[in-house]
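See structure below.
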2 protein chains.
Amino acid sequence: MNDELLRVLRRPPRERADAARNRTRVLEAASRLFAEGGVAALTVDAVAQAAGVGKGTVFRRFDDKSGLVSALLDQRERELQEAVVFGRPPLGPGAPARERALAFFDAYLAYLADHLDLVRLSETAAPGARFRIGAYVFWHRHLAILCADRPDPDHLAHVLLGMVAADLNAELLSQGIDWGRIRAGVAAAVDALVAPVHAP
Amino acid sequence: MNDELLRVLRRPPRERADAARNRTRVLEAASRLFAEGGVAALTVDAVAQAAGVGKGTVFRRFDDKSGLVSALLDQRERELQEAVVFGRPPLGPGAPARERALAFFDAYLAYLADHLDLVRLSETAAPGARFRIGAYVFWHRHLAILCADRPDPDHLAHVLLGMVAADLNAELLSQGIDWGRIRAGVAAAVDALVAPVHAP
DNA sequence: AGCATAACCGGACTTAGGTCCGATTGTCGA
DNA sequence: TCGACAATCGGACCTAAGTCCGGTTATGCT
């Protein structure tokens with residue numbers, strides 16, 4: 001039982017070398033397949049085969065397909081997150097809440113426009129996947145803090161993020177509503193929703 | 001070619017008796033399976049077998065699983081639609097736009113609370129299924145008309161409907177946000193978004 | 001260096017939605 | 001009543017996500 005105690009105290013052993021190598025292989029293979037054939041070519045079997053790895057390995061690393069695609073998007077999303085936390089106003093700290101929110105949605109829509117297919121895949125691979133992605137939780141906190149003076153910031157933040165759901169915006173585009181209208185519409189809504197409670 | 005002409009002019013032949021009988025059988029089987037085992041029991045194979053019908057038949061009638069579930073919900077949804085078109089204010093015609101919108105969301109949230117699992121299934125069975133359902137198109141028109149004086153009623157109506165997406169609300173419930181908070185939050189958002197443009 | 005252990009690997013297997021096509025059967029016109 | 005046509009039927013088949021488990025290998029301790 002001394003052994004057990006020691007094992008608990010010991011820091012978790014670092015990732016095995018083969019595991020790390022396989023992770024990068026899988027991500028590279030996925031990236032290449034997507035570049036060549038779009039989302040249609042991005043099946044787990046194809047990725048595993050292209051990476052020279054078993055299917056089980058992919059699922060152990062990334063949990064599910066949604067996780068794999070999220071990992072592909074991770075880099076870009078991280079940049080946006082850092083700009084929000086450490087960047088200059090109005091995206092970063094320092095600007096009034098409403099302007100920060102507007103800046104965030106502008107930046108996020110640009111990101112979405114660049115990666116709509118992949119984001120959509122990561123959000124719809126499994127029902128409810130969208131809300132489990134780390135980035136979603138992050139954006140939700142950010143917006144809830146910006147709306148702190150409203151009656152229910154938690155709910156409002158979810159509603160705001162609903163406007164940038166990949167599925168919705170893919171549908172809007174297919175209906176002929178272009179990114180310009182989307183940006184304008186989102187900005188107007190943010191303006192109306194994040195405004196401080198108006199005194200009558 | 002005379003034949004062909006006649007065939008075109010002739011009204012489309014009514015649904016074959018066996019086809020109609022099978023449709024009701026499938027719907028009854030689906031309804032029973034759901035009552036007994038919830039959404040988990042609602043697989044297409046199980047429904048087909050319980051209805052004593054081949055799998056192909058189910059798909060021919062209802063296109064896909066989403067269509068089957070939508071058909072199950074059709075009755076209830078129709079009642080709501082009729083109340084909106086022919087009912088008394090504030091849900092029906094006659095009340096100011098903002099009040100009609102508020103009444104609609106209240107009624108829809110009640111419907112959603114009663115059938116969350118099924119609605120979720122019908123909305124997430126296939127990516128983008130939500131927007132193809134007839135009812136969605138109907139609600140979208142209704143709301144766009146109510147927002148006619150806003151800059152982009154089309155986009156705004158989509159954003160408003162985003163608040164009652166089944167997936168989102170299932171997530172909110174699982175996070176401990178109850179229907180009372182949801183109703184209040186939605187009402188506040190509708191109030192802010194549907195308000196006529198304020199003169200500065 | 002050698003060994004015990006735990007993590008990792010990978011492919012066979014399961015599940016479920018959706019497609020297809022030969023066989024069947026209802027419907028319409030004569 | 002009967003025949004031809006077209007819609008319908010049904011189950012075998014396909015695809016793709018996700019699970020499982022016996023074999024393998026890196027790791028860390030002695």
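Keep in mind that the numbers below use all heavy atoms, side chains included, and drop hydrogens, waters and symmetry copies. Keep in mind that what you see is a predicted model, and the values were worked out from it rather than measured.
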base_contact_polar (D:dG10 base, B:Arg60 side chain, donor-acceptor, <3.5 Å):
yes
Please state whether the base of D:dA17 and the side chain of A:Lys55 form at least one donor-acceptor pair under 3.5 Å?
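By the distance-only test, yes, there is a pair.
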Atom [atom1] of [X] and atom [atom2] of [N]: how far apart are they, to the nearest Å?
{"X": "A:Asp64", "N": "D:dC20", "atom1": "CG", "atom2": "C1'", "result": "17 Å"}
{"X": "A:Asp18", "N": "C:dA7", "atom1": "CG", "atom2": "C1'", "result": "9 Å"}
{"X": "B:Gln49", "N": "D:dC9", "atom1": "CD", "atom2": "C1'", "result": "16 Å"}
{"X": "B:Phe59", "N": "D:dA12", "atom1": "CZ", "atom2": "C1'", "result": "14 Å"}
{"X": "A:Leu68", "N": "D:dA16", "atom1": "CG", "atom2": "C1'", "result": "14 Å"}
{"X": "B:Asp63", "N": "C:dT19", "atom1": "CG", "atom2": "C1'", "result": "13 Å"}
{"X": "A:Leu42", "N": "D:dA17", "atom1": "CG", "atom2": "C1'", "result": "13 Å"}
{"X": "A:Asp45", "N": "D:dC14", "atom1": "CG", "atom2": "P", "result": "16 Å"}

Any base atoms under 4.0 Å from A:Arg23, or only sugar-phosphate, or nothing? Heavy atoms, all strands.
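Nothing, no heavy atom under 4.0 Å.
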Among [options], which nucleotide sits nearest the side chain of [X]?
{"X": "A:Lys65", "options": "D:dG10, C:dC9, D:dA17", "result": "D:dA17"}
{"X": "A:Thr57", "options": "C:dC9, D:dA17, C:dG17", "result": "C:dC9"}
{"X": "A:Arg61", "options": "C:dC8, D:dA17, C:dG17", "result": "C:dC8"}
{"X": "A:Ala19", "options": "D:dA26, D:dC9, C:dC9", "result": "C:dC9"}

Can you see if the side chain of A:Thr43 gets near the phosphate of D:dA16 - specifically, an N or O under 4.0 Å from OP1 or OP2?
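For D:dA16, neither OP1 nor OP2 has a side-chain N or O of A:Thr43 closer than 4.0 Å.
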If the cut-off is 4.0 Å, is A:Asn22 near the phosphate of C:dC9, judged by side-chain N/O to OP1 or OP2?
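Yes, within the criterion.
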May I ask you to decide if the ring planes of [X] and [Y] are parallel, tilted or perpendicular, using 30° and 60° as cut-offs?
{"X": "B:Phe131", "Y": "B:His158", "result": "perpendicular"}
{"X": "A:Tyr111", "Y": "A:His115", "result": "tilted"}
{"X": "B:His140", "Y": "B:Tyr136", "result": "parallel"}

So CG of A:Asp114 and CG of A:Leu73: to nearest 0.5 Å the spacing works out to 11.0 Å
Residue mapping more 5' on DNA chain C - nearest nucleotide basis, B:Ala40 or B:Arg21
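Its nucleotide being nearer the 5' end, the pick is B:Ala40.
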Identify the residue among A:Lys65, A:Arg132, A:Arg130 that makes a salt bridge (charged side-chain N to carboxylate O under 4.0 Å, His left out) with A:Glu123.
A:Arg130
